Each structure stands twice: as structure tokens, then as C-alpha cells.
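FYI, the numbering just counts along the sequence from 1. Just so it is clear, the structure is predicted and the values come from calculations on it, not from any experiment.
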Amino acid sequence: RSFLPSHWEKLKVGKMVHSIKMGWMKPRQAKTAEEEDEAKKKFYMLWQTDDQVDENIRRLFDPIPAPKMKLPGHEESYNPPPEYLFTEGEKKEWHRATEDGEHRKLPFIPQKY
């Protein structure tokens with residue numbers, strides 16, 4: 001089967017053909033091979049070094065990115081499940097590790113609210 005355009009598309013195309021014949025509208029001229037080659041030869045720097053960047057642009061678009069925060073997990077939820085709550089022994093161990101400067105398992109004490 002061949003493609004059948006809608007009635008409205010047929011009318012629009014008919015108006016375009018009529019305006020081209022009357023000289024009111026000019027169709028696009030086909031690109032020559034030279035113009036296509038010139039269009040393909042437009043290169044630009046994807047990654048520029050600091051000495052190639054314009055100072056004004058560098059001043060505007062050189063912000064220092066904020067450090068990425070670790071996403072909260074189950075233990076940091078507002079109302080953590082009972083298995084994530086500390087016992088008294090774990091709380092004492094957590095405070096001891098904080099005072100001694102040791103690496104702690106968690107950077108906070110989970111609490112039930």
C-alpha cells in the first residue's frame with residue numbers, strides 16, 4: 001500500500017505548490033558538495049585547557065562543585081526499625097570510639113522518635 005496523506009495535509013501542500021508556481025515562495029536550493037563539506041568541517045573544542053578558555057567565560061562558568069553527600073540509609077531514617085537501635089553497650093562503645101578518635105561504624109546514634 002502507498003502512503004495516503006490526510007485531507008488537510010493535501011490542502012497545505014497544494015497551497016505551497018501554488019505559491020511556488022506564482023513566485024511568492026521559493027523552494028530551498030539543494031546544497032552543493034562544497035557547502036556540505038564546509039558544514040561537516042565545523043569543529044569546536046569539546047575539552048579546553050585552562051589557557052585556551054576566555055577569562056570572562058572562565059570566571060562565569062568555573063564554580064567549585066559541592067562535595068557529594070552520602071545518601072541516607074535505613075539506619076538514618078526518621079523512625080528506624082528496632083534492629084538498628086543501639087543497646088547501652090553499643091552506645092558506650094560508640095562514645096569511647098569518638099573520644100579515642102577511632103573509626104566508628106556509624107557517624108551518629110540512631111534513635112526512635
- When Ile, Leu, Val, Met, Phe, Trp and Tyr are grouped by side-chain heavy atoms lying under 4.5 Å apart, directly or through other members, which residues fall in the same group as Met22?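 Trp24, which link up through side-chain heavy atoms under 4.5 Å apart, make up the rest of the cluster.
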
- Linking Ile, Leu, Val, Met, Phe, Trp and Tyr by side-chain heavy atoms under 4.5 Å, what else ends up with Leu71? none

- Query: Are Glu93 and Arg96 close enough for a salt bridge, meaning some N to O gap below 4.0 Å?
  - Reply: yes

- Message: Within the supplied structure, the quantity of interest is the number of heavy atoms (other residues, nucleotides, ligands) at a distance under 6.0 Å from Gln29 CD; does it exceed 12?
- Response: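 Not buried by this count: 12 neighbours or fewer within 6.0 Å.
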
Would you please name every residue forming a side-chain contact (heavy atoms from CB on, under 4.5 Å) with [X], sequence neighbours left out?
X: Met16; answer: Met25
X: Lys91; answer: Phe86, Glu88, Ile109
X: Val13; answer: Val17
X: Thr87; answer: Glu90

- Measure the shortest side-chain to side-chain distance between Lys112 and Asn79 over non-hydrogen atoms and say whether it is less than 4.5 angstrom.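 Lys112 reaches Asn79 side chain to side chain.
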
- Message: To the closest 0.5 Å, what do you measure between OG (Ser19) and NZ (Lys26)?
- Response: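 Here the interatomic distance stands at 12.5 Å.
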
